[in-house]
Structures are given as C-alpha cells and as structure tokens.
Amino acid sequence: MRRFTTLYLAVIMLLIAVFLTACAQQEKTGLEKVKEAGEVSFAMSGGYPPFNYFNKQNELVGFDVDVAKEVAKRLGVKLKPVTTEWSGIIEGLRSGIYNGILGSMAATEQRKKVVDFSTPYYYSGAQMFVRADAPFKSVGELKAKPVGLVTGTTFEQDAKDLGVTDIRLYKDDTHTLTELSGGVIGGVITDRVVGVNAMNSGKFEVKPLGSPLRKEDIAVAFRKEDKTLTDEVNKILKQMHEDGTLTELSKKWLKVDITKK
C-alpha cells in the first residue's frame, strides 16, 4: 500500500510540474516572446506610398518601415516586416502570425474592441481626391459617381457617410489612384498625405477636393494579450516623439511633420 501511495504521489507531482511548466510557457507573451525570438514582426500592406511600399529595387521602404526599424532597434531585436492583404490584416494579428501592425492603421473605436493600440505615432485624415481636370466643386457631387478606396479601411464608412452609392474596393492605393487617373472612377478617398504625395510625384493627375473629411490617430496595433509588448512600444514611441526621431523621419518621407497633433 505504501508503494502504491508513493507512486500515486509521484504521478500527481509530475502532473503538477507539467501543468506549471505549461502555465509558465503560456505566460510568456508579448515582450518576453519577442525578446526570446530576437525579432519583432510588424505587418503592413506594402502598397501604401510613401508610408510602406516596394521601390524600383523591390525593397520595402517608407515612413512606416523606418519607424518599425527604429522601434525594433530600441527593443534590442531584429525587424521582420510582413506584407499582407489589408482586408485580413487584423485577423492575421489575432492569429499570432505577426507581433503587431505598423502600417498606418487608424485607431478606431471598432478596432479597439478586438485589438489594442499604442499611442499615436502620427496624425492624419481622410480626403477625397479627384482627377486634376475634374469639374467637381464639392464632395456632394460624387454621390452618384463611382468612388474607389482600399478594402478594409475606415474610408468605406466615409464614403457611406457622404451618401456614395457606387463604392469600388481595391487592393491598395496604387490601384485606386491609377483607376482615378484613367477616368475609370470619379473619386478616391484615402489618407490626405498619401494623395498629396501621389499628386506631387507626377505619376497621377489628381487633386484634393474640399477639406479633410475627418482626422485620425495612427498607431501600432497589438493583440490584447500582449500588453507587455504594447507598454514597451509605448515607452519607445514616447522617446521617439521627444527626441525628434519621428519628426525627422516624417520630414524625410513627407517633407512635413505629421507627428504633431
């Protein structure tokens, strides 16, 4: 009987040890996982110039990419950028495919229900763009015209709020602005800075129509269970705001400072 009791207790202790080990492994979330892996993966669309896009050498570059590199550097790890379809980018984060989304995502109330956001690293706004030779005087004239925007963005709600009846969805803004320049659609709703950059590049014959439709806080998205990582990135972004790094990167890519509220 004593041998049986001893064996029984040994099995119980082993099971407890396995359970505690499993719990300890489960607790390694967020910052600890990133530190152990030696890298942090941030997702972005790769089709959103000048924030994140592929240049002629097929290199992923842009304001978001440089911000991500600096965040990774201050975390003491390597950056692993991930490009993916914007329409499913949040689900990819929640599934753990990458550690965060650093790709010019607006921190909306709806998104906050499923993911956490860092403090903003820049501020922007939604803007309607039309062809440079378009006769429109106000955004209201585009209600019955086809208006393009990127799938999965907050711009779709802007179009609905304007009463647009023909909303065309595209993979990225390279496609929306190409369609607009070609006269396939009457307008495009996108980030104001993206549109102005496209206009100044000389590649697209477009112009802004009216004032910005609304303002947006742009931040890094994280899984809700990765609070330690969110908190650490918040500290880093605060430092980058205070030491002028974000301002410097903004002027490098956009010629203006979009990091001030």
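These values consider heavy atoms only, across backbone and side chains, with no hydrogens, waters or symmetry-generated copies.
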Pair Thr83, Ser45 - check side-chain contact (heavy atoms from CB on, under 4.5 Å), show working.
CA-CA 5 Å; Thr83 56; Ser45 71; over 6 Å; no
Is it the case that over 12 heavy atoms from other parts of the model lie below 6.0 angstrom from the [atom1] atom of [X]?
X      : atom1 : result
Lys171 : NZ    : no
Gln110 : CD    : no
Lys80  : NZ    : no
Glu141 : CD    : yes
Arg192 : CZ    : no
Lys145 : NZ    : no

Close side-chain approach of [X] and [Y], heavy atoms under 4.5 Å:
X      : Y      : result
Phe117 : Arg111 : yes
Phe54  : Pro49  : no
Glu39  : Leu79  : no
Arg214 : Thr154 : yes
Val188 : Asp173 : yes
Glu70  : Met240 : yes
Tyr53  : Thr174 : no
Leu162 : Met128 : yes

Would you sort out whether Phe51 and Ser124 count as a side-chain contact (heavy atoms from CB on, under 4.5 Å), showing the intermediate values?
CA-CA 12 Å; Phe51 294 97; Ser124 191; 5.7 Å; no
Minimum heavy-atom distance between [X] and [Y], given as atom pair plus value:
X      : Y      : result
Thr84  : Ala43  : CG2-CB, 4.3 Å
Ile101 : Phe42  : N-CD2, 4.3 Å
Ala107 : Ala219 : CB-CB, 4.4 Å
Ile189 : Ala126 : CG2-CB, 4.4 Å
Ile97  : Ser41  : O-OG, 4.4 Å
Asp64  : Gly103 : OD2-C, 3.3 Å

Side chain [X], main chain [Y], donor-acceptor under 3.5 Å:
X      : Y      : value
Glu156 : Val150 : no
Ser87  : Thr151 : no
Asn200 : Val196 : yes

With rounding to the nearest 0.5 angstrom, report the [atom1] to [atom2] distance, [X] to [Y].
X      : Y      : atom1 : atom2 : result
Asp217 : Thr119 : CG    : OG1   : 10.0 Å
His175 : Leu149 : NE2   : CG    : 14.5 Å
Ile236 : Gln239 : CD1   : CD    : 6.5 Å
Ser250 : Leu246 : OG    : CG    : 8.5 Å
Leu60  : Lys69  : CG    : NZ    : 8.0 Å
Ile218 : Tyr122 : CD1   : OH    : 4.5 Å

Using a strict threshold of under 4.0 Å (side-chain N to carboxylate O), is an ion pair present between [Y] and [X]?
X      : Y      : answer
Lys112 : Glu109 : yes
Glu91  : Arg94  : yes
Lys224 : Asp226 : no

Intermediate values then yes/no, side-chain hydrogen bond (donor to acceptor under 3.5 Å, both in side chains), Thr245 and Arg74
CA-CA 12 Å; Thr245 301; Arg74 298 191 188 201; 3.0 Å; yes
Is [Y] reachable from [X] through a run of I, L, V, M, F, W or Y residues, each pair having side-chain heavy atoms under 4.5 Å apart?
X      : Y      : result
Tyr48  : Val71  : yes
Val40  : Leu102 : yes
Val67  : Ile258 : yes
Leu249 : Leu237 : yes
Val139 : Phe155 : yes

In sequence, state the C-alpha distance, the side-chain angles, and the governing distance for Trp86 and Thr153, and then conclude on side-chain contact (heavy atoms from CB on, under 4.5 Å).
CA-CA 8 Å; Trp86 190 257; Thr153 62; 3.6 Å; yes
Ignoring hydrogens and geometry beyond distance, is a side-chain donor-acceptor pair present between [X] and [Y] at under 3.5 Å?
X      : Y      : value
Thr247 : Lys260 : yes
Glu179 : Tyr170 : yes
Trp253 : Asp66  : yes

Could you go step by step and tell me if Arg131 and Glu205 meet the salt bridge (charged side-chain N to carboxylate O under 4.0 Å, His left out) rule?
CA-CA 6 Å; Arg131 278 175 55 98; Glu205 296 294 324; over 6 Å; no
Would you check, one step at a time, whether the test salt bridge (charged side-chain N to carboxylate O under 4.0 Å, His left out) holds for Lys227 with Asp231?
CA-CA 6 Å; Lys227 190 176 184 303; Asp231 290 345; 2.9 Å; yes
What's the verdict on side-chain contact (heavy atoms from CB on, under 4.5 Å) for Asn99 and Phe222, showing C-alpha distance, side-chain angles and the deciding distance?
CA-CA 7 Å; Asn99 302 119; Phe222 295 98; 5.6 Å; no
